[in-house]
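Written below as structure tokens is the structure these notes are about.
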Amino acid sequence: MSLGAIVLGTIKPVVVRYCRARIGRRDGAFAVADLVARESLYAVLRALPEGHDPLLAVTYRIAAEMVDKELDGAPGCPDSALDVAALPADEREVIVLRVLCGLTAEQTAQAVGIAAAAVRLVQHRALGKLRNTAQVDNHVTRFGHGAAMETLSERR
């Protein structure tokens with residue numbers, strides 16, 4: 001197995017998830033996101049011999065540049081149940097990498113070039129903002145019982 005095949009096998013799932021999370025579906029399919037992911041992977045393979053940066057950092061930088069180019073300034077993430085488009089760019093990227101791509105704090109830190117503790121702090125702040133902006137039904141209790149739900153004693 002060649003080095004290129006090993007690298008592709010390692011980073012391809014992350015790049016595809018990232019591109020799909022940021023670009024989303026167009027006309028009901030991920031064709032555009034998958035095309036950007038493929039172009040990103042080719043660019044990563046071309047960039048490997050020239051740099052000393054960690055592979056994940058190079059991969060993220062290239063994929064983010066290509067996705068931003070495709071989105072032409074839009075925040076992206078249209079298919080996400082979370083309204084991450086309202087977040088600042090640095091917080092949105094951490095949430096996309098941590099929640100939607102499934103990277104660990106250490107992997108995210110390596111990709112974006114900050115400390116893992118800073119990633120956790122940015123994630124905490126971003127999730128707090130998302131919680132505050134979410135539409136919460138005031139009638140729902142902490143146990144998930146809302147006005148339309150009946151209690152056990154009311155069923156009898």
Passing option when L41 is tested against V7, V36, V15 for side-chain contact (heavy atoms from CB on, under 4.5 Å): V15
When rounded to the nearest 0.5 angstrom, what is the spacing between CG in L56 and CD1 in I11? 8.5 Å
Find the distance between CG (L35) and OG (S40) and round it off to the nearest 0.5 Å. 9.5 Å
Could you check whether any side-chain N or O of R20 sits under 3.5 Å from a backbone N or O of A33, counting only pairs where one atom can act as donor and the other as acceptor? no
Would you please test L8 and V44 for side chain to side chain contact (heavy atoms under 4.5 Å, CB included) and show each step? CA-CA 9 Å; L8 280 178; V44 168; over 6 Å; no
Nearest heavy-atom contact between P13 and T10 is CD-O, 3.8 Å
Distance (rounded to the nearest 0.5 Å) between I62 CD1 and E39 CD: 12.5 Å
Identify the heavy atoms of P78 and G24 that sit nearest to each other, and give their distance. CG-CA, 3.9 Å
Considering all heavy atoms, the nearest Q110-P54 contact: NE2-CB, 3.0 Å
Any side-chain heavy-atom pair of C101 and V96 under 4.5 Å: yes
Is there a path of hydrophobic side-chain contacts, each under 4.5 Å between heavy atoms of I, L, V, M, F, W or Y residues, that connects F30 with Y18? no
Inter-residue atom distance L48.CG - T59.OG1, 0.5 Å rounding: 7.5 Å
What's the spacing between R38 CZ and M66 CE if we round to 0.5 Å? 11.5 Å
Side chain to side chain contact (heavy atoms under 4.5 Å, CB included) evaluation trace for R61 with D53: CA-CA 11 Å; R61 186 175 57 247; D53 292 333; 3.5 Å; yes
Looking only at heavy atoms, what is the nearest atom pair of R17 and L100, with distance? CD-O, 4.2 Å
Does V94 form a side chain to side chain contact (heavy atoms under 4.5 Å, CB included) with D90? I'd like the steps, not just the answer. CA-CA 6 Å; V94 167; D90 60 332; 5.9 Å; no
Looking at every heavy atom in both A111 and L97, which two are closest together, and how far apart are they? CB-CD1, 4.5 Å
I'd like to know if V16 and L45 are part of one continuous hydrophobic network [Ile/Leu/Val/Met/Phe/Trp/Tyr, side-chain heavy atoms within less than 4.5 Å]. no
Take a 6.0 Å sphere around CZ of R125 and say whether it holds more than 12 heavy atoms from other residues, nucleotides or ligands. no
Give, for atom CD of E70 and atom CZ of R22, the distance between the pair rounded to the nearest 0.5 Å. 11.0 Å
Minimum-distance pair of heavy atoms, taken over all atoms of V32 and I23: CG1-CG2, 4.2 Å
Do side-chain atoms of D79 reach the backbone of R25 as a donor and acceptor pair under 3.5 angstrom? yes
